[in-house]
Amino acid sequence: MLKPIKLAKKNFLSSLDTSSEEFLNILEIAKNFKNKDLNIEHKDKVLGLIFDKSSTRTRVSFQVAMSRLGGTTVDLNPTTSQIGRGEPIRDTARVLSRYCDVLAIRTFKQSDLEEYAKWSSKPVINALTDLEHPCQALADFMTIKEEFVDFKNVVLTFIGDGNNVANSLILYGALLDVEVRIACPRGYEPNELVINNAKKMYKNKNLLKITNDPIPAVYGANVLYTDVWSSMGEENQKEEKDKDFLGFTIDQSLVRNADKDAIILHCLPAYRNKEITDEVIESKKSRVFEQAENRLHVQQALLSSLLI
Ligand code: CP
Ligand code: NVA
């Protein structure tokens, strides 16, 4: 019978934190949750949500996931807790992990997330940092698998900012040996450490391509993916980035250069007619709402694998 595998690592802070076996198990469990073929109970378990940045999908999908497992959630943010007053992370983490069974944290610095994980006696999940968004990438790969059955010969092209979402996609691409092409303006390349880690993991090092030209990057691609040009915390760079990213919009002419059966992904929220046109996001090729739905299923599977 299909069962969650207890993750070898205590925390899920990065796409680096699961082996390929654990990753594929999470996707399989998620698929079974989605099809209502699996029922796992973590009755009375409590998930603490600490969100220093806004969220719609991540917060609500974690709340619903926990409720489907028979558990509950506590939702904290800097204004309603002592976190905004500057209580040290090491104190917050030690206290909350005495009340909660698992914590999901959305914050700015990856090092702050790591500090929570260091002091928490319970598992900590990355619900987005400036560096990574691994829960999103789990849902993205689930969506890709639903479409293409397996990852063999899949080419994933990400067009836009080499940001948290791009970093997590690269690391899972490396884990699975999936071709990942990142097309970004000069100066907006993904994190160097992430690229180096990915290169160490890829069996075929040529499968990771970083370019400043979106047109060749989409040739033959099966998945076209984009995200906002200015992430949360970068609001003051918006004007400059809007100029720097001209030519990096996923529009119909770019889509025509991809594989004829290519799908379109966006983690949402989207700025229509900036990083993606309204026409493309609403087109038949778009899987953005399946992708958003899959956040729920993969996180329910992830929680099941951490709470065993
Ligand atoms: N994609 C994503 O993480 O969305 P939210 O910011 O709404 O959680
Ligand atoms: N890169 C975006 C993702 C939002 C889900 C951000 O960090 O704001």
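Side chains are part of it too, since the values below use all heavy atoms of this structure and drop only hydrogens, waters and symmetry mates. In listed order, ligands and their atoms are each counted from 1.
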Check: P134 main-chain N/O paired with S15 side-chain donor or acceptor under 3.5 Å: no
D112 side-chain N/O to F108 backbone N/O, donor-acceptor pair under 3.5 Å: no
Tell me which protein heavy atom sits closest to [atom], plus the residue, atom name and distance to 0.1 Å.
atom                   : value
atom 6 (O) of ligand 1 : R106 NH1, 2.9 Å
atom 5 (C) of ligand 2 : L268 O, 3.7 Å
atom 4 (O) of ligand 1 : R57 NE, 2.9 Å
atom 3 (C) of ligand 2 : D227 OD2, 3.5 Å
atom 2 (C) of ligand 1 : R295 NH1, 3.4 Å

Considering distance alone, does some N or O of [X] sit under 3.5 Å from an N or O of ligand 1?
X    : value
R59  : no
M232 : no
P269 : no

Common cluster, L13/V194, ILVMFWY with side-chain heavy-atom separation under 4.5 Å: no
Best match, H266, Q136, M232: closest heavy atom to atom 8 (O) of ligand 2: M232
Interfacing atoms of ligand 1 (cut-off 4.0 Å, heavy-atom, T56): 5 (P), 7 (O), 8 (O)
Just heavy atoms, cut-off under 4.0 Å: does [X] contact ligand 2 by side chain, backbone, both, or neither?
X    : answer
D130 : neither
L128 : side chain
N164 : side chain

L128, portion touching ligand 1 at heavy-atom distance under 4.0 Å: neither
